[in-house]
Protein chains: 2
Amino acid sequence: MAASTLTEVARLAGVSPATASRVLNGSDRKPGPGVSERVRQAAEELGYIPNAQAQALAKSSSGLIGLIVHDIADPYFSAIARGVQSVAKTQNKMVLLATTGGTPADEKEAVAAFAARRADAIVIAGSRSSRPEDQKANTDLAAELDRYCRNGGHVGIVGQAIVGAGTSEGYHLVELPNEELAFELAGQLAQLHTGEFVIVGGPEGLVTSDDRIRGFQKGLANAGRSPAEVVNTSFNRAGGYEAGGQLAERIRSSQPSEESRDPADANKSRLCIFAANDVMAIGVVAALREEGLRIPRDALIAGFDDIETLRDFRPALSTVRLPLEEIGRLATLSTAGHSRKDSLVRSKAANMPGHQSMGTGAVNHNEDQGPGVTGEVKLRRSTQWTP
Amino acid sequence: MAASTLTEVARLAGVSPATASRVLNGSDRKPGPGVSERVRQAAEELGYIPNAQAQALAKSSSGLIGLIVHDIADPYFSAIARGVQSVAKTQNKMVLLATTGGTPADEKEAVAAFAARRADAIVIAGSRSSRPEDQKANTDLAAELDRYCRNGGHVGIVGQAIVGAGTSEGYHLVELPNEELAFELAGQLAQLHTGEFVIVGGPEGLVTSDDRIRGFQKGLANAGRSPAEVVNTSFNRAGGYEAGGQLAERIRSSQPSEESRDPADANKSRLCIFAANDVMAIGVVAALREEGLRIPRDALIAGFDDIETLRDFRPALSTVRLPLEEIGRLATLSTAGHSRKDSLVRSKAANMPGHQSMGTGAVNHNEDQGPGVTGEVKLRRSTQWTP
DNA sequence: ATGAAACGGGAATGCGCTTTCCCACTACTA
DNA sequence: TAGTAGTGGGAAAGCGCATTCCCGTTTCAT
């Protein structure tokens, strides 16, 4: 018992397949009411479901949106995925998922697979890699994307432009103000913390991480502070946990003895640890606590992303809110044309008030005045420490 | 500049499309080495990417796995999605995502859409609804699934069987021992908590929630405790937060005055709140804290699922570990045939030691000895309270 | 009343690929 | 040497649908 076809429906309704096709889909030609009714009824009777493959083949448009993420279980990506999914739904499209672990080679594979499926659009989330060993794969990825675009595809990129990719028609970049927001976060933290800073970041060459680290360092410099030491590790909870273990030792050894401890200078001796994302920050906290240290008594922790499920964490992380779901929406909308008149699209905010020396020049890099994303620093003044 | 076709490759290589097809895909007929080389080179030169739609149409198998979830940003579902994705990758398939918010009508739509795309398999995660008003939609869903299966599709269902769905060949159920594990959790909690219990659950008729509530109540009864009051709300953080607000008042009003408070009887006056999932539990905690209450001083909180990003929450939730990623894997594998000899598949553990009165009879319901899932209670003995 | 224009419907072609069927040719065995 | 099995390749028929023509009818303006 195979699925019924349009031809069968047509035969049952006593019309030609062409007519059946016209009534069952939104064709511009509208058959007569009597005929329409018969066809619709026949379709109902047979439980007809159009073969999307055949449709796609015939009109070379698949109704598919490809989404590329590092890891769908990472709350950062799943939040973006929700945004993508939501606009896909409004457009009657489906989203095809590919997870790559961040490997450019896998991303290239995914793009090829999406191209093979004639996806109408591809959304790439997740940091680029600028590591030398990934350069070749990045070039291949760029080439693959170029080809996809030349064949009429649209791609929306979240974060950073893909190095080596041409600026052809189909490219749409949703920039994330990682550097700017990290800059601002550093500035605000520097105001309430007089002690030392340490940065826990992802592996060198992970652009998102590097951007945030760079911004943070610049923010410190701008506040007249010396650069923070950087610990590079993996860009996830495990990495944060590992770094936290190292830092715990260090904190303990540099701590004043229990007797001489004075709440008044706690702030000076205390470390402020900036983790390049919230999940890492949580890992840091877990490790520190496991070593018997207490937050915020022994260290101040800041993260990035403002992950939803982590907002109820206590003491609350200082972090930076990124509207992840909207970012996903924007990236998807940008591929659908007409995005600039959409109300969801706002101009990118200047996130570095009163500071021009960062070298980025104009804040909005988008030549085409494309969608911009605004974030927000969420500072937690958990300066008081619990003994 | 359109994408190149197989015919073009064939022409460039000086062979027929048939031959080109044979060399570029794993056909059973292997053309001569010279020819193969020419074709492969021509394909390379043209940057040929096979049109998956056309392939799917021709061999009526799409290489697609459909995944239906309530909300991809919910960590419960994104963990399952990761599992699905991982086995999809090993099978060289792609996963198509549909989010439904739990509405059976939307789930039916999703199944139809997947069927239209000729998905090789469909995995449905997310609780069923047993509410009367959803009955019609459930029946429709079952019918749609039945049809899909009769047409050769395979479906893997996570959690509960879909009411009204026939037990045809393609059906595979990955049962979750929600009731059993909640039973056990209640038993263990009853051992360390002498006070009252309250249950915060999802809306009545949400089967997963109902199962967990029922199991918990039975566990309490088995421990000689009176049934807990049940607060029904939405099955997410917001619901937990709302319920937490109500409970806060109640806790405060029933609390002994500050002066007469005696740590010795804290355990008796304290409430133990079981939230039907971790995210709700976090919501409860957030609300209680906002009302000035402290955990675990003023209340004990337990959850369910053991969500990864929530494991570092302090004080740690008592919860139940469900191997979500593996559940996703199992559900996907079950649709691929041969799952029962797979090493990942273990028999379902009996999670109700020494207790036979629950009425479920044999613990393993799977007639076909299909895959089973084992969970684990994670009790947190945070009985000491911080003043 | 007669022409053009609009309309409702069907036949046929093609989307890009797989697969069956068929043919020519080689390499055996008897 | 003749007959047969095996082998590498091509021609062609779809897979299920959209769409372009094309044709017969009706409607309207002239």
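Chain naming here is simple, since letters A, B, ... match the order of the sequence lines and numbering starts at 1 in each.
Legend: salt bridge (Lys or Arg N to Asp or Glu O under 4.0 Å) pairs involving residues 50-73 of chain A, not counting sequence neighbours, sorted by first then second residue: A:Asp71-B:Arg82. The side chain to side chain donor-acceptor pair (under 3.5 Å) contacts involving residues 97-106 of chain B comprise nothing, where partners must be two or more places apart or lie in separate chains.
Extent of DNA chain D lying under 4.0 Å from chain A heavy atoms, first and last nucleotide in 5' to 3' order, is D:dG16 to D:dC21.
Every residue was checked against the side-chain hydrogen bond (donor to acceptor under 3.5 Å, both in side chains) condition with A:Glu109, not counting sequence neighbours, and none meets it. Partners of A:Ala113 according to the side-chain contact (heavy atoms from CB on, under 4.5 Å) rule, which considers only residues two or more places apart in sequence or in another chain, are B:Met94. Residues forming a side-chain contact (heavy atoms from CB on, under 4.5 Å) with B:Asp120 (at least two apart in sequence, or on another chain): B:Ser61, B:Ser62, B:Lys93. A:Ala125 is linked by a side-chain contact (heavy atoms from CB on, under 4.5 Å) to A:Val69, A:Phe77, A:Ile80, A:Val158, counting only residues two or more places apart in sequence or in another chain. Scored by the side-chain contact (heavy atoms from CB on, under 4.5 Å) test, A:Thr5 finds A:Thr7, A:Glu8 as partners (sequence neighbours excluded).
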If you write DNA chain C from 5' to 3' in dot-bracket form, with Watson-Crick or G-U pairs under 3.5 Å, [ ] for crossing pairs and | for pairs with another strand, what do you get? .|.|||||||||||||||||||||||||||

Across nucleotides 15-20 of chain C, 5' to 3', mark each nucleotide with B, S or - according to how protein heavy atoms within less than 4.0 Å reach it. BBBBBB

I'd like a table of donor-acceptor pairs (distance under 3.5 Å, sequence neighbours excluded) in which one partner is a side-chain atom from residues 41-55 of chain B, with atom names and distances.
{"from": "B:Asn51", "atom 1": "OD1", "to": "B:Gln53", "atom 2": "N", "distance (Å)": "2.8"}
{"from": "B:Asn51", "atom 1": "OD1", "to": "B:Ala54", "atom 2": "N", "distance (Å)": "3.1"}
{"from": "B:Gln53", "atom 1": "NE2", "to": "A:Arg117", "atom 2": "O", "distance (Å)": "2.5"}

In a table with atom names and distances, give each donor-acceptor pair under 3.5 Å that connects a side chain of residues 15-26 of chain B to protein atoms at least two apart or in another chain.
{"from": "B:Ser16", "atom 1": "OG", "to": "B:Ala18", "atom 2": "N", "distance (Å)": "3.3"}
{"from": "B:Ser16", "atom 1": "OG", "to": "B:Thr19", "atom 2": "N", "distance (Å)": "3.2"}
{"from": "B:Ser16", "atom 1": "OG", "to": "B:Thr19", "atom 2": "OG1", "distance (Å)": "3.2"}

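With hydrogens and angles disregarded, no donor-acceptor distance shorter than 3.5 Å links the side chain of B:Tyr148 to the backbone of B:Arg118.
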